[in-house]
Every structure is written in C-alpha cells, then in structure tokens.
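Report on the following structure.
Lettering follows sequence order; numbering is per chain, from 1. Heavy-atom basis, side chains included; hydrogens, waters and symmetry copies ignored.
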Amino acid sequence: MRARGLVHLASLNLRADRRGALVNAAAACVGAAALVFFVALGMGVGQAARRMFPGEARLVEVIPAAVSLGGALGGGQLDDGAVARLGALPGVEAAWRKLSLRVPIAASRPPEGVKMNWPQSFTVQVPVVGVEPGMLEQDLAKGQAFADPAPGGAVPVMASRRLLEVYNKTIAPAWNLRRLPPGLDLVGIQFPVQVGFSIIPQKTEDRVYEARLALAGLSDRVPLYQLAVPVETVRRLHQEYGKPDQGYTGVTLLARRPDDVPGIAAAVRRMGFTVDEGDRALAERVGLAITVVAGALSLLALLMTALAALAIAQSLSASVRGRTREIAILQALGATAGDVRAIVLAEAALLGLGGGIAGVALARLAALGADRAALRWLPDFPFRPETFFTFPPWVYLLGAGVSALAALLGALAPAAAAARVDPARNVS
Amino acid sequence: MISLRAIVKRFRDGERELVVLDHLDLEVRDRELVAVVGPSGSGKSTLLYVAGGLDADFEGEAVVAGRRLSDLDPRQRAAFRNQAVGFVFQSFNLLPALPAVENVMLPGLFAPPGAPTLSLGGLRARALEALSRVGLGDKAARLPARLSGGERQRVAIARALLARPGLLLADEPTGNLDTASGEGVIRLFQEMVADGMTVLVVTHEERVSSVAGRVLHLEQGRLR
C-alpha cells in the first residue's frame, strides 16, 4: 500500500470518528505541550543563570593558603617565583597575577557627563584589584588601552558586566539614583576619585589626592564588587604609600581545555596553595539545581506523554474491536495484514503528530503567558531575562516527534490485533 | 474460471466437528452465470469464501482464475482478492463513514506491487466511472446511510468492478432488496456476463436462479 493511500485512508478513518480523534489528539497535545514547555523553561532559566553566574570552565583561581608554614612545605606567598611555577604546570595556558589595592580610593562625585542624581555628601568606597592586561584584553573596548598611565593621566578601569545590572536593578532604585545606560555606552567615561581617602577615618592615608578613573570596558572576569586596574598601577600606588610587598592576592590560571582543570587544581593544592572555588562552585550548584529541576519536570512531562500514548492505545484497541467487520471488508478487498497494521499505525501517527504540533503551539502560548505574568507580577531583579524560555528549533521537533513516537508505540498492540482479524469469520 | 475438487471444509465447535463442505466439486467456465442455491447454513457463503481466497483453511484443490489457491501465501492471496475477484455481500459491506466514491476507491488503495497503480485523482476518476456504470454517477458524494438498499448494493458492485476482475462472487446479493432493486441488480449481473465476466452467485431466491445459466444445489456439503 502506498504512503499517500495509507495517509488518505487513515485520515478518512479519523474523520469518521472525529470525537474520538479529537480526544486522543488532545491527550497527545497536553503531553507534548508539557514536554516542550518544561524543556524550554529549563533551557531559558539555565541561560539566565549563566548570565547571572558566568563561571568560566577554563579558569582556576589560586589564592594563598589560609594557614601556611611559609615556604618550608610549599605554599606561602604568591610571589613571582610561585607564579612562574604555576604557569609551568601541565595544561596551563596562562597565569595572570592579581593584586588587591591596599590604598583606599573613594568617589564623592558622579562620573563626568553622566546624570545620576548623586546625593550630596554621598561617598562610595571603591574596592580596586590590579590585574594583568592579558586577562582582560578580550573584553577591552575598541580603542581603549589597559596600562598604567603617565603621571596625571586617567587610570583605565574595567568593571564587571554584572555590576552594572546590579546597580540598575537594586542600588539605583534603593538610593533613588538614575539608572545607567547599557554598558558599552559608558565606555570612556571618567569619574573623579580621591586616592588615599576612606569613609572610615582611621584608614584614610596621610596623603590624599585627586585622580581620575576611565572606564575601558566591561568583563565577566572582573570580580562583581571590584574595579580592575592594571597591576602596575597597584604596584606604583603601593610604592607611593610605602605599602610593604605581601605577594600577590591571587593568580588566575587559564587551562588549555576545561578537562585540564581538575588536574591543575590538584597540582595547585599539592604546591600548598588554595583553589578558590567560590564562584565556580556557586555556578555549578546553580546549574546543577536547574538541571535537576528541569530534568524532573521534563520527566514528568514524558510521563504525561506516555499516559497520552496509553490513552491512545486504549482508544485504538476499542476502535479496532469495534471495527472488526470493517477490517475484514478491507481484507476482502485486498488489504494484507501489513496494510491493516499500517493503517492503524498511521492513524496513531497522525493523532500523535497532530497533537504534538498543537502541543508545541500550546507550549509557545503558555510560555508567552508565563513571561507576561512574570513581567507583571515579579519584581525587577538583576539579570531578570526578557523571557524565561528558550525555543531552539530542535525543541519543536522533540515535541512533535516524541508525541508521534509515543502514539506509534501505544498503537503497536492494537495494530497487531487488527492484523490478526480473520476475514472469513468477520466479513458478514 | 473456477475449478474446485474434493473441497472439504470443517468447523470446530468445542468438541464437535462440523463438516460444511464435504468433498465438493465445482466447475465454472468463463463468462458463465452460475447460481448455487441451498438452505440457510448449508455452506453457500463458505463455498464463496473458499473460491474467493478469503478462507485458506480447507482441504482439496482449488484453482480460480488460473491460480492454485493452496500455493498462495497470505500476501499473494490478498493480491488475488484485490485483482482477480470482486465480492458482493448481502449486507453490502460498505464503510458507513465513507462517501460512495471513497468506498469504491478502496480496492485501488490496496493494489499489490506490480499491479497498475493510479494516483488518488486517477483512482477517483475510475471510481466515478464505475459508479456511472451502475447508474449512480450523480450520487458519488453520498454516504451509504443516505442511499437506498438497491443503491448501496450497486455501490458495492461498482467497488467489486473497480479493479476489473474476471470473476464476481456474490453472496445473497438481493437478500436485503425489494423486488425492483433486486431486479436491477440481476440485470447488472447479466450485463457483466455479457461483457465477459464470470459470476458465481449464492442465493435462495428463485428470481436470481431463474436467470442463471446453471443452478446447483448445495446439500449436505456437496453440489448436485
């Protein structure tokens, strides 16, 4: 029997029992809709979480051990020698030094040229970390340099992408400040700061002077609540203020491949240093939690699809029992057992596919509704996405395909029963 | 066209075995209209099902339309039913949800590999032609429920003729029809024989057997 004839006959049979077909297709539709909805939700929330916690799989953060016996048993200070040894570990592509600035810097005026309702006598302490330019060069804005400036020049700084989002969504509303424009529009702005000044009087240095910071770019590699400046700038300021050398605050290692990370981390620990897994562990925990919840919901949806398939199977079984004479007539007209089996399977496939396509459309509508409800009822928060759903093309195929497949599997037994009908006994 | 030799057909009813056809012999030549008469339960329908390849569970030798039925596997038997014979039943056996033309198209959907195949459009055209031949060209879109008994039987005859078989097997074709409709069906059979077909009809009605070239009586499993 040719495919067109098969589909023709199967659709005629379904049309003959419109009510039953609609009920079965509705069952398949609900299963497919739930599956597509939850899979898309899991991926959408996962994407939002990755924006919120952008853990980079190839980075290893090394910090000095909290307790150390100096260099006697390894570890101790992260000095240039230690950085060189870390950089030489197998699988390490680059080692970037980090040095926290121990000279306080504060801002008591708004950035130049940016309107933001800066409150009078409002001073913000600016935590600063010095990093090597190589670590941030991929995120440096076009035309910007990241190097210690000549005396009197503006110091280039880079901020976390997330800081801008946190400022706009939480700090600005709380302090009644104006929101800042998107990140790249801010590149190049300068803001005056007081070097040596602290909002805690005892920590203010003897010498305080005015300087300017210039935003050179935004990067996820900059810690959330710090500004990054060239490590040479931090060294210079430490010399200016007579701060003794205490070694680097940390070293960021770039692994050649994500698979190299566990081996590098183990080697770092053997050297007596600590691997700071705070951000990575958080990102992994959040990712795992999302995967588990999305997986559980998708399993539930698969169960619903399986139940829909069972409903279709039961309905088709009843239909085959009720159509025994019709099946015998078809056999009298030349249908083989294979033709009869194929007709029942085609009916199931059409039901599953039709229900699946409707389910995909229903899932999109439900996602649209959920997004609108979230926009209306959820308070604004940092990194709140425009949509909580992601619908790549394969999700549509998954919904329609799983639904059709489940219906086909459910129809195997009724199809086999139909193929066993004895025409001589049932035709009259 | 039909050659049945020493056909035995048994049915088992629990412990009891019932022999319905008992070493039955039958010869039907091409272009012959043969009527088989006999009381209810005498095995008339069973004889048709054996000759038409619907029932393969029998003993003896059956050669129909040049094919030895015992040599055919289920797939070949289905092809034989599709191409070589047409069935007409007492209760019409139309699919109630399909319009007349779709019912007539059905055999074309099951054309076996190697048989001439038509597109759905071509099949519909041929079905309309078959319906016109039985005088129902204007009622092709009607569901069986909206046709009279005689019209339904003519749709069934059109369906049996779709694949242009050489043999028509009719099981009490006028049993559910009034006199006028029954006579119309009988006329159709006579036309078909005149056109070169062979018709084997089982009936208990005098008006059908009276137009047959030969009338055979089925009694105690044998034809006399």
Side-chain angles (χ1 to χ4, degrees), chain A residues 1-22 24 315-316 318-347 350-351 415-416 418-428, chain B residues 9 11 45-46 48-50 52-58 73-99 102-113 115 117-120 123-124 143 156 159-160 162-163 165 169 171-172:
Chain A
M1 190 177 186
R2 287 180 306 165
R4 281 186 67 184
L6 181 66
V7 172
H8 179 71
L9 194 52
S11 52
L12 284 174
N13 284 341
L14 292 177
R15 215 180 305 159
D17 180 20
R18 278 193 188 85
R19 202 169 172 185
L22 276 175
N24 285 331
S315 167
L316 278 177
S319 166
V320 164
R321 281 196 299 276
R323 288 191 293 168
T324 304
R325 185 154 177 236
E326 285 188 17
I327 291 165
I329 294 169
L330 296 182
Q331 289 175 311
L333 299 177
T336 62
D339 290 334
V340 171
R341 195 181 300 120
I343 290 167
V344 177
L345 289 176
E347 286 174 24
L350 286 178
L351 282 174
R420 284 195 298 271
V421 168
D422 179 356
R425 280 174 182 264
N426 294 285
V427 78
S428 56
Chain B
K9 174 66 191 177
F11 285 109
S45 297
T46 303
L48 273 197
Y49 297 163
V50 167
L54 267 180
D55 192 340
D57 180 24
F58 63 87
D73 63 23
R75 188 175 286 272
Q76 290 167 327
R77 226 171 15 252
F80 166 78
R81 291 195 296 267
N82 184 262
Q83 296 290 303
V85 299
F87 282 100
V88 174
F89 301 94
Q90 179 178 4
S91 49
F92 324 126
N93 277 359
L94 299 178
L95 301 198
L98 306 190
E102 300 279 1
N103 264 291
V104 177
M105 285 167 67
L106 283 172
L109 297 176
F110 302 117
T117 49
L118 293 171
S119 65
L120 285 178
L123 202 53
R124 183 175 294 273
L143 288 173
R159 185 177 66 185
L162 186 89
L169 301 173
D171 186 2
E172 302 279 7

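Of the residues considered (A424(A), G338(A), P423(A)), A424(A) shows the highest number of contacts with chain B, using heavy-atom pairs under 4.5 Å. Options A97(B), G52(B), A78(B) differ in how many heavy-atom pairs under 4.5 Å they form with chain A, and the most are formed by A78(B). Across A332(A), G5(A), A16(A), the residue that shares the most heavy-atom pairs under 4.5 angstrom with chain B is A332(A). With respect to chain B, the highest number of heavy-atom pairs below 4.5 Å among N13(A), T336(A), D422(A), L6(A) belongs to T336(A).
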Criterion side-chain contact (heavy atoms from CB on, under 4.5 Å) on R159(B) and I329(A), from CA distance to verdict: CA-CA 12 Å; R159(B) 185 177 66 185; I329(A) 294 169; 3.9 Å; yes
Intermediate values then yes/no, side-chain contact (heavy atoms from CB on, under 4.5 Å), V85(B) and F80(B): CA-CA 7 Å; V85(B) 299; F80(B) 166 78; 3.9 Å; yes
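In this structure, chain A has a heavy atom under 4.5 Å from the backbone of L118(B), while its side chain stays farther away. Both the backbone and the side chain of P107(B) come within contact range of chain A, judged by heavy atoms closer than 4.5 Å. In this structure, chain B has no heavy atom under 4.5 Å from any part of R323(A). Only the side chain of E102(B) comes within contact range of chain A, with heavy atoms under 4.5 Å apart. Both the backbone and the side chain of L109(B) have a heavy atom closer than 4.5 Å to some heavy atom of chain A. Proximity to chain A (any heavy atom under 4.5 Å) is shown, for R77(B), by neither the backbone nor the side chain. Residue T46(B): no heavy atom, backbone or side chain, is found under 4.5 Å from chain A. If you measure heavy-atom distances from L330(A) to chain B, the contacts under 4.5 Å come from both the backbone and the side chain.
K9(B) and D57(B) are joined by a salt bridge, as a carboxylate oxygen and a charged side-chain nitrogen come within less than 4.0 angstrom of each other.
Of the inter-residue distances, the one linking L9(A) atom CG with I343(A) atom CD1 reads 4.5 Å to the nearest 0.5 angstrom. For the atom pair CZ of F11(B) and CZ of R425(A), the computed distance is 6.5 Å after rounding to the nearest 0.5 Å. The CZ atom of R81(B) sits 11.0 Å away from atom CZ of F110(B), with the distance rounded to the nearest 0.5 Å.
A donor-acceptor contact under 3.5 angstrom links the side chains of N24(A) and S315(A), judged on distance only.
None of N426(A), V427(A), V421(A) except one satisfies the side chain to side chain contact (heavy atoms under 4.5 Å, CB included) rule with Q331(A); the exception is V421(A).
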